[in-house]
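Note sheet for the following structure.
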Amino acid sequence: MGVKGFVEGGIASIVAGCSTHPLDLIKVRMQLQGESHVPNPAVQALRPALAFQTTTTTTSSAIHMPPPPARVGPVATGIKIFRTEGVAALFSGVSATVLRQTLYSTTRMGLYDILKQKWTDKETKTMPLSRKITAGLIAGGIGAAVGNPADVAMVRMQADGRLPVSQRRNYTSVVDAITRMTKQEGVTSLWRGSSLTVNRAMLVTASQLASYDQIKEMILENGLMKDGLGTHVAASFSAGFVAAVASNPVDVIKTRVMNMKVEAGQKPPYAGALDCAIKTVKAEGPMALYKGFIPTISRQGPFTVVLFVTLEQVRKLLKDF
């Protein structure tokens, strides 16, 4: 029964991940908007109050401040990628997505299923919400630790197109990405941002899987709908919204830490997750942590719907095995 849960979860996760990959790529590009690692030394020498002036001073050492870059929405971001990089660019890093879902999602879905079977009351056939959340936290954390190398590769491959041509990494596949990262930056680079990945995965899995099971139970218990496609879609979309709200701030920081380029002998842009969070909030404001929320919910909603609808169908197909 344990192996069956891993297989069912893995199939559903890969189908959901591949079908919503373009939305995930747009989300990553939006989360990196406004990020800059090329500071202006003249501006840094000014007091903080003057560093954000947009007018030109009249002194001999007048400094011309460039206006802040305009925020681009998900539709405009998608169109820009399509026009400048081609339709294939919307599936940049899809091989890493397949590997990530195979490692991360298969592990978390399988472990959650095992814990669910162990902790479900044999008589009432229900499990308290607190146990569902605990099971999600455990399964998500372990799954993220296993799948972090694929996650780093996926973020870099998705973000590569926004860089100047001379600075692009140009990974040909997830295998090439992992191999080159290991050679150029060391094995530890594969687990860069792993604390963020684990924290995000624990939040997503606990909110997503626990919410789905809880909402589905409530719908059936109250007789709102029968156990069918309508129930699965309603419960899964609600679970996707809860997961997006809970995980977006961590996801923004994770994306930036994983994508940062570390040059030999130079100080990295971020010292860690907390440093990245502080710098992001100081430079762009607290709402920067919800940057890319629209594409996140636009992706998380369909992803969760496809995930659970596919999972329910796969369970029906494999029920006799």
Contact summary for S298 and I294, nearest pair of heavy atoms: OG-O, 2.6 Å
Pair [X] + [Y]: basic N to acidic O under 4.0 Å:
X	Y	result
K132	E217	yes
K291	E284	yes
K216	E312	yes

Do [X] and [Y] touch side chain to side chain, with heavy atoms closer than 4.5 Å?
X	Y	value
K116	L209	no
T182	S189	no
R108	V204	yes
V250	L289	no
N148	L190	no
H232	D227	yes
M154	V174	no

Side-chain donor/acceptor pairs under 3.5 Å, residues 21-29, sequence neighbours excluded:
unit_1, atom_1, unit_2, atom_2, d
H21, ND1, T97, OG1, 2.8
H21, NE2, S92, O, 2.7
D24, OD1, K27, NZ, 2.9
D24, OD2, Q158, NE2, 3.3
K27, NZ, D251, OD2, 2.8
R29, NE, Q158, O, 2.7
R29, NH1, E85, OE2, 3.0
R29, NH2, E85, OE1, 3.1
R29, NH2, Q158, O, 3.1

Any side-chain to backbone donor/acceptor pair from [X] onto [Y]? Under 3.5 Å, distance only.
X	Y	result
T231	K226	yes
K279	P269	yes
T310	L307	no

With rounding to the nearest 0.5 Å, note down the distance linking [atom1] in [X] to [atom2] in [Y].
X	Y	atom1	atom2	result
F308	R315	CZ	CZ	8.5 Å
W119	S130	CH2	OG	9.5 Å
S95	R100	OG	CZ	13.5 Å
D151	T197	CG	OG1	5.0 Å
Y270	T280	OH	OG1	4.5 Å
I142	Y112	CD1	OH	14.5 Å

Return yes when atom NZ of K80 has more than 12 non-hydrogen atoms of other residues, nucleotides or ligands closer than 6.0 Å, and no otherwise.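 No, because the 6.0 Å sphere around NZ of K80 holds 12 heavy atoms or fewer from other groups.
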Quick one about [Y] and [X] (side-chain donor to acceptor, distance below 3.5 Å, no hydrogens or angles considered), yes or no?
X	Y	answer
N248	T296	yes
T304	Q208	yes
R200	S247	no

Can you list the residues that meet the salt bridge (Lys or Arg N to Asp or Glu O under 4.0 Å) rule with E185, with sequence neighbours excluded?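 R156, R192.
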Can you list everything that forms a salt bridge (Lys or Arg N to Asp or Glu O under 4.0 Å) with D160? Sequence neighbours excluded, please.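 Scan of D160 (salt bridge (Lys or Arg N to Asp or Glu O under 4.0 Å), adjacent residues dropped) gives none.
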Hydrophobic clustering (ILVMFWY, side-chain heavy atoms < 4.5 Å, transitive) - are V146 and V198 grouped together? no
Partners passing ring pair (Phe, Tyr, Trp, His ring centres under 6.0 Å) against F293 (at least two apart in sequence or in another chain): Y290
Test side-chain contact (heavy atoms from CB on, under 4.5 Å) on K125 and D121 and set out the steps. CA-CA 5 Å; K125 293 185 178 180; D121 190 289; over 6 Å; no
Sequence neighbours excluded, every pair satisfying salt bridge (Lys or Arg N to Asp or Glu O under 4.0 Å) that has a member inside residues 163-176: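 Matches after skipping sequence neighbours: D176-R180.
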Evaluation steps, side-chain contact (heavy atoms from CB on, under 4.5 Å), between E8 and L318: CA-CA 8 Å; E8 292 170 345; L318 301 180; 3.8 Å; yes
What residues form a side-chain hydrogen bond (donor to acceptor under 3.5 Å, both in side chains) with Y104, not counting sequence neighbours? none
